There are 4 protein chains.
Amino acid sequence: MKLGMIGLGRMGGNMARRLMAGGHEVVAYDRDEEAVKKLAAEGAVAASSLDDMRGKLVAGGDGRSIWWVMLPAGEITETTVETIARDAKAGDVVIDGGNSFYKDDVRRAKALAEKGIDYVDVGTSGGVWGRERGYCMMIGGREETLTYLDPIFETLAPGRGDIPRTPYDRPEGDDWRAEKGFIHAGPPGSGHFVKMVHNGIEYGLMQAYAEGFDILKGKASDKLPEEERFDLNLTDIAEVWRRGSVISSWLLDLTAAALAKDEHLDHFSGHVADSGEGQWTIDAAMEEKVPANVLTASLFARYRSRVEHTFGDKVLSAMRFGFGGHVEIPQ
Amino acid sequence: MKLGMIGLGRMGGNMARRLMAGGHEVVAYDRDEEAVKKLAAEGAVAASSLDDMRGKLVAGGDGRSIWWVMLPAGEITETTVETIARDAKAGDVVIDGGNSFYKDDVRRAKALAEKGIDYVDVGTSGGVWGRERGYCMMIGGREETLTYLDPIFETLAPGRGDIPRTPYDRPEGDDWRAEKGFIHAGPPGSGHFVKMVHNGIEYGLMQAYAEGFDILKGKASDKLPEEERFDLNLTDIAEVWRRGSVISSWLLDLTAAALAKDEHLDHFSGHVADSGEGQWTIDAAMEEKVPANVLTASLFARYRSRVEHTFGDKVLSAMRFGFGGHVEIPQ
Amino acid sequence: MKLGMIGLGRMGGNMARRLMAGGHEVVAYDRDEEAVKKLAAEGAVAASSLDDMRGKLVAGGDGRSIWWVMLPAGEITETTVETIARDAKAGDVVIDGGNSFYKDDVRRAKALAEKGIDYVDVGTSGGVWGRERGYCMMIGGREETLTYLDPIFETLAPGRGDIPRTPYDRPEGDDWRAEKGFIHAGPPGSGHFVKMVHNGIEYGLMQAYAEGFDILKGKASDKLPEEERFDLNLTDIAEVWRRGSVISSWLLDLTAAALAKDEHLDHFSGHVADSGEGQWTIDAAMEEKVPANVLTASLFARYRSRVEHTFGDKVLSAMRFGFGGHVEIPQ
Amino acid sequence: MKLGMIGLGRMGGNMARRLMAGGHEVVAYDRDEEAVKKLAAEGAVAASSLDDMRGKLVAGGDGRSIWWVMLPAGEITETTVETIARDAKAGDVVIDGGNSFYKDDVRRAKALAEKGIDYVDVGTSGGVWGRERGYCMMIGGREETLTYLDPIFETLAPGRGDIPRTPYDRPEGDDWRAEKGFIHAGPPGSGHFVKMVHNGIEYGLMQAYAEGFDILKGKASDKLPEEERFDLNLTDIAEVWRRGSVISSWLLDLTAAALAKDEHLDHFSGHVADSGEGQWTIDAAMEEKVPANVLTASLFARYRSRVEHTFGDKVLSAMRFGFGGHVEIPQ
């Protein structure tokens with residue numbers, strides 16, 4: 001199929017490549033002309049603007065232009081979708097493959113539907129490995145639209161590969177796509193909603209490993225009496241857990257690789273960023289009145305990693321001085 | 001009454017003074033001779049050793065020597081109790097007024113009971129303000145022993161004062177002492193158990209205020225768009241909450257005083273210490289299978305305040321680099 | 001002064017009474033005619049509608065009508081403010097004394113300012129005790145408007161009373177009102193923002209006590225070996241902590257009163273409601289990137305109290321069955 | 001090699017089978033005679049008592065008897081190890097393959113070392129799948145002893161299999177065993193310590209998934225306005241996440257299988273058990289002063305799942321009634 005890819009960064013560029021490798025025709029645009037040139041050299045049709053892209057999508061197309069927006073969530077995605085929609089025709093499809101807030105999808109889909117334009121939101125997991133392994137995709141939109149787009153998604157997805165089948169027949173009514181690595185999650189917005197919760201879980205899983213390795217490392221610390229210490233080899237431990245343990249996972253594979261390179265992880269600063277999805281997941285939990293202590297604590301650990309001291313810590317010290325005359329001195 | 005006070009630090013010294021002011025006779029001992037001299041100058045009988053104290057307690061006494069041990073929890077308290085017990089007589093009373101682990105009390109009380117010696121554990125709250133305000137005491141031991149010691153506890157306790165009476169008749173069977181600021185909590189160990197939970201709660205209360213003030217202060221931070229910021233006066237806020245609000249408390253009084261002196265609390269380092277009681281409270285919760293998320297998070301916030309970065313933070317950064325190519329740079 | 005009180009529920013009715021007792025003239029309106037009649041019998045001027053109130057505020061007034069809206073946050077407050085504003089004149093003052101979301105205040109204040117109408121948001125703490133003790137108020141609005149309204153707020157506030165002064169001179173630039181139990185927090189919205197954080201803290205404080213008493217009670221539970229149990233008297237403990245301990249507070253006073261009535265609290269269901277403020281506080285923390293584990297855990301404990309089992313619990317059971325063949329049977 | 005297996009339950013029986021299939025000779029004992037008979041029918045040498053086993057291990061052995069104790073942690077393991085040690089000879093090896101507390105291992109190893117007996121603690125992960133997939137093992141003991149026992153561990157372990165190698169050369173000094181699915185963690189106790197932390201992490205991972213699925217399911221709940229709901233197919237979602245997503249793991253595989261069987265998990269009660277390791281992990285974290293909010297919250301979620309209401313919930317309700325007149329009614 002033919003589609004326009006807007007945004008040729010780490011994600012968009014590699015998705016375009018995987019699509020071209022799968023026989024699709026990609027019209028490519030980015031504000032960075034170099035990125036466009038580079039992809040054109042690999043076989044894409046270069047577009048110099050959204051207008052230019054429109055012409056190139058219509059020419060020789062099947063009458064439905066497909067626009068894949070792969071930009072940072074927020075204002076840039078918002079205005080790009082608006083610009084595309086302004087001159088789009090009924091039947092055209094706008095895909096937001098970024099990390100938009102699902103409520104923005106719901107709103108945009110409604111606005112575009114009034115003009116007969118289909119809006120599809122694709123939550124994508126897989127990171128920098130996706131080009132090679134395929135992208136796991138959670139998709140919101142109308143079933144009719146997804147059916148139309150399935151060839152594109154099948155190319156991007158990992159496919160069944162050598163991942164063992166779940167040892168039960170999948171029930172009637174389940175989505176055949178799931179085993180290939182993508183799903184129709186529901187109406188517009190649901191794709192990004194599921195991806196958002198995916199990231200919330202991701203934070204929780206990561207923090208569980210982080211705390212565990214912290215405790216393993218701390219067993220050698222001088223906070224313990226010398227005779228109670230173990231000097232454990234974290235590289236060995238991560239490696240062995242990959243093999244037959246209950247906690248094997250892809251995140252553990254990555255941890256094992258990092259520890260094999262540098263057991264002390266000294267070249268990492270320990271300032272841990274978070275994207276919007278962790279926060280939105282907690283918002284969703286609160287709207288639904290679902291207790292989510294682990295996901296929240298994971299997010300807060302990242303906030304905490306980025307400041308030296310909280311003002312709250314000083315409030316504690318001030319109280320302790322107030323009732324006990326304790327003077328808090330750095331240890 | 002006559003009692004020996006062993007340990008004349010911030011707590012023991014002031015308790016001795018309050019007791020003498022209440023008409024009791026105090027024999028005072030500390031490894032620091034200067035501390036003994038100072039208290040002797042204020043009317044105490046100086047003792048140069050535990051042996052010396054023994055003689056001075058027996059002389060002119062009623063046959064039961066009372067030893068109040070006011071030392072740091074752990075080895076020093078342990079050996080002091082052992083030393084006293086070695087030469088004590090049936091009917092003598094050993095009081096541990098420090099912050100011992102309640103299971104140590106249970107063990108010691110059992111050992112001393114075999115020799116007919118009474119062991120009493122007193123958990124004490126009130127900090128440096130106790131000499132003036134009186135000490136809130138939670139006491140473990142035999143009722144008969146407490147009855148004997150009540151004159152001492154009544155002197156140390158705050159008494160009814162101007163604190164309003166709880167607006168219900170206290171039920172039959174409740175302890176008359178509670179309204180005077182001390183209680184017979186139960187058998188040996190129970191005094192320190194109740195005090196331990198008191199401190200666990202204290203950590204939780206403190207952290208609740210700390211987080212709240214953090215959020216108030218953060219409302220002026222440049223993490224928010226300029227038009228969403230409020231530059232709030234924390235001193236005013238702490239002060240107003242003392243008056244008629246649901247969250248008024250003594251800890252808030254202390255916070256208000258600290259903020260009135262320095263709204264930014266700049267002279268506090270933000271390294272917050274914890275004593276054993278917070279940890280023991282969580283141990284008790286786990287033994288009883290009681291979920292205690294708030295008390296635990298409060299304790300962990302203190303641990304976290306004392307390290308620049310956790311190893312766990314680096315594990316997170318390493319994973320993020322692994323799947324997303326994210327490089328974590330200090331912000 | 002003269003003001004209109006709209007909403008004569010538990011809060012609005014008592015505030016009107018306190019105002020009248022302080023010499024102010026209250027025009028009273030509620031959808032419930034009985035409530036209006038009752039207050040009129042106590043001295044208020046009855047209004048049969050907002051229009052009727054308008055006439056009665058203008059007549060004999062100083063040219064500025066004061067409307068105090070004391071209704072549940074949300075749609076009813078929104079439409080009432082709109083209705084009042086439609087026919088209000090420049091200089092009139094609309095006060096939202098309910099629990100509105102502070103971002104709604106910011107928006108409304110901006111809209112009303114265009115017509116020269118002043119909008120003031122008042123966060124109020126004190127609950128059912130406020131009529132007698134006075135209401136602690138955190139107020140957002142223009143300083144000029146507050147100066148105009150101060151006589152009203154002084155009447156509602158607890159005043160200095162017998163609460164000890166904070167033992168430092170209050171710095172220059174602090175609000176003189178704080179010691180009387182109300183403050184000018186900042187621009188519109190800031191009053192409800194501070195009240196919101198107040199409630200967030202309140203949840204944290206309450207949960208800290210709740211967990212502590214849970215651990216005290218659990219010490220008698222059969223999850224412990226019999227010889228490790230203590231059968232503690234929670235009524236005594238709550239009472240003694242009120243007197244000289246570090247954790248004394250008004251919330252503890254209430255707990256002591258409840259336990260004195262029924263130590264087992266058997267007539268409480270244990271389903272704990274939450275209002276919007278707890279959730280908004282966490283939202284604010286996330287916007288500011290402030291870790292708030294304790295406040296969040298407190299909110300989630302309430303969510304959890306209202307369901308028998310989470311679906312998450314079943315997911316855990318399903319996994320345990322999957323890897324270990326464990327069958328989870330109710331205990 | 002020849003070894004005695006004591007305890008033929010789900011774990012011990014299957015390990016014996018895997019060992020026999022690997023060419024080792026197993027002398028088998030269990031208090032349940034049927035279990036012994038059954039294993040004897042599959043090729044094991046039946047032992048009718050520990051004494052009987054001793055004779056059968058010595059006969060035709062290499063002079064070092066190997067005892068593998070595979071019993072529930074606690075008293076039964078303790079007394080079995082004592083009984084074996086009483087008549088063991090220098091050079092004999094006692095292996096505790098259960099889930100003992102690592103401090104018990106340290107103590108036992110020391111006691112046995114005085115008689116020249118080697119003590120080895122093996123933490124084992126893999127659950128009911130281990131017989132087929134192999135057991136992931138974390139081992140504490142002397143290196144010399146492990147070298148002697150390696151043939152046994154190699155048979156039990158999963159081996160390299162088709163799990164991709166970590167994409168870095170393992171550094172000098174790392175344990176060659178790790179890639180085969182077992183490691184020499186360190187001195188006695190370290191095997192169970194590492195396994196304990198493994199289980200702590202496991203709790204955290206499980207709870208992260210549990211909360212995520214809870215939020216997905218809650219998106220259809222009537223706590224949300226109807227137009228904001230999504231009715232998501234959890235079976236599809238679990239399946240798609242197995243394929244190319246960042247959160248793929250073995251625990252997710254199990255979840256997908258469970259959801260494929262019953263999307264609502266209705267036949268699970270939601271009462272979730274915990275074994276000692278989760279609690280011990282938190283104890284270790286506290287000893288080392290490592291903040292572990294996620295692991296702790298995971299453990300507490302299990303405690304909470306097993307009670308209808310906490311007493312703490314009632315304390316909250318009592319306070320709310322106290323300050324606000326709120327009556328908590330089940331929703």
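Numbered from 1 within each chain, the chains take letters A, B, ... in sequence-line order. Treat the numbers as computed from the prediction; the structure is a model and nothing was measured. Basis for what follows: all heavy atoms, side chains included, without hydrogens, waters or symmetry-related copies.
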Trainee: Please identify, among A:N293, A:L265, A:T310, the residue contributing the most non-hydrogen atom pairs under 4.5 Å to chain B.
Mentor: A:L265

Trainee: Does a sphere of radius 6.0 Å around CH2 in B:W280 hold more than 12 heavy atoms from other residues, nucleotides or ligands, not counting ones at 6.0 Å or beyond?
Mentor: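 Yes, because the 6.0 Å sphere around CH2 of B:W280 holds more than 12 heavy atoms from other groups.
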
Trainee: Using a 3.5 Å distance criterion without hydrogens, assess whether the side chain of B:R302 forms a donor-acceptor pair with backbone atoms of B:D274.
Mentor: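 Side chain of B:R302 to backbone of B:D274, a donor-acceptor pair under 3.5 Å: no, none is there.
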
Trainee: Does atom CG (A:D231) have a neighbourhood of more than 12 heavy atoms from anything else shown, all under 6.0 Å?
Mentor: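 For A:D231, atom CG is not crowded (no more than 12 foreign heavy atoms under 6.0 Å).
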
Trainee: Side chain, backbone, both or neither: which part of B:A301 has an atom under 4.5 Å from a heavy atom of chain A?
Mentor: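 Contact with chain A involves the backbone of B:A301 alone.
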
Trainee: Which atoms of B:L259 are under 4.5 Å from chain A, going by heavy atoms: the side chain, the backbone, both sets, or neither?
Mentor: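 Only the side chain of B:L259 comes within 4.5 Å of chain A.
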
Trainee: Counting only heavy atoms closer than 4.5 Å, note whether B:I215 contacts chain A via side chain, backbone, both or neither.
Mentor: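 Neither part.
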
Trainee: With chain A as the partner chain, list the residues of residues 201-210 of chain B whose heavy atoms fall under 4.5 Å from it, by residue number, and write 'none' if nothing qualifies.
Mentor: B:E202, B:M206, B:Q207, B:Y209, B:A210

Trainee: Are A:K314 and B:F268 in a cation-pi setup, meaning NZ or CZ lies under 6.0 angstrom from the ring centre and within 45 degrees of the ring axis?
Mentor: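 Relative to the ring axis of B:F268, which defines the angle, A:K314 lies outside at least one limit.
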
Trainee: Which atoms of A:L252 are under 4.5 Å from chain B, going by heavy atoms: the side chain, the backbone, both sets, or neither?
Mentor: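 Neither part, no heavy atoms under 4.5 Å.
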
Trainee: Looking at B:R304, B:E211, B:K217, B:E308, which has the largest count of heavy-atom pairs under 4.5 Å with chain A?
Mentor: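 When all of B:R304, B:E211, B:K217, B:E308 are compared, B:R304 has the most.
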
Trainee: CD of A:E227: more than 12 outside heavy atoms within 6.0 angstrom?
Mentor: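 Above 12, so yes.
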
Trainee: For A:W250, I'd like to know if atom CH2 has over 12 heavy atoms of other residues, nucleotides or ligands within 6.0 Å.
Mentor: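 Result for CH2/A:W250: enclosed.
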
Trainee: Let me see the working for A:R320 and B:V272 under side-chain contact (heavy atoms from CB on, under 4.5 Å), right down to the final yes or no.
Mentor: CA-CA 9 Å; A:R320 296 189 82 236; B:V272 190; 3.8 Å; yes

Trainee: Partners of B:D32 by side chain to side chain donor-acceptor pair (under 3.5 Å), sequence neighbours excluded?
Mentor: none

Trainee: Let me know if B:H267 has heavy atoms under 4.5 Å from chain A in its side chain, its backbone, both or neither.
Mentor: neither

Trainee: Begin from the C-alpha positions of A:M11 and A:N14 and carry the test side-chain contact (heavy atoms from CB on, under 4.5 Å) through to its verdict.
Mentor: CA-CA 5 Å; A:M11 292 296 288; A:N14 281 338; over 6 Å; no

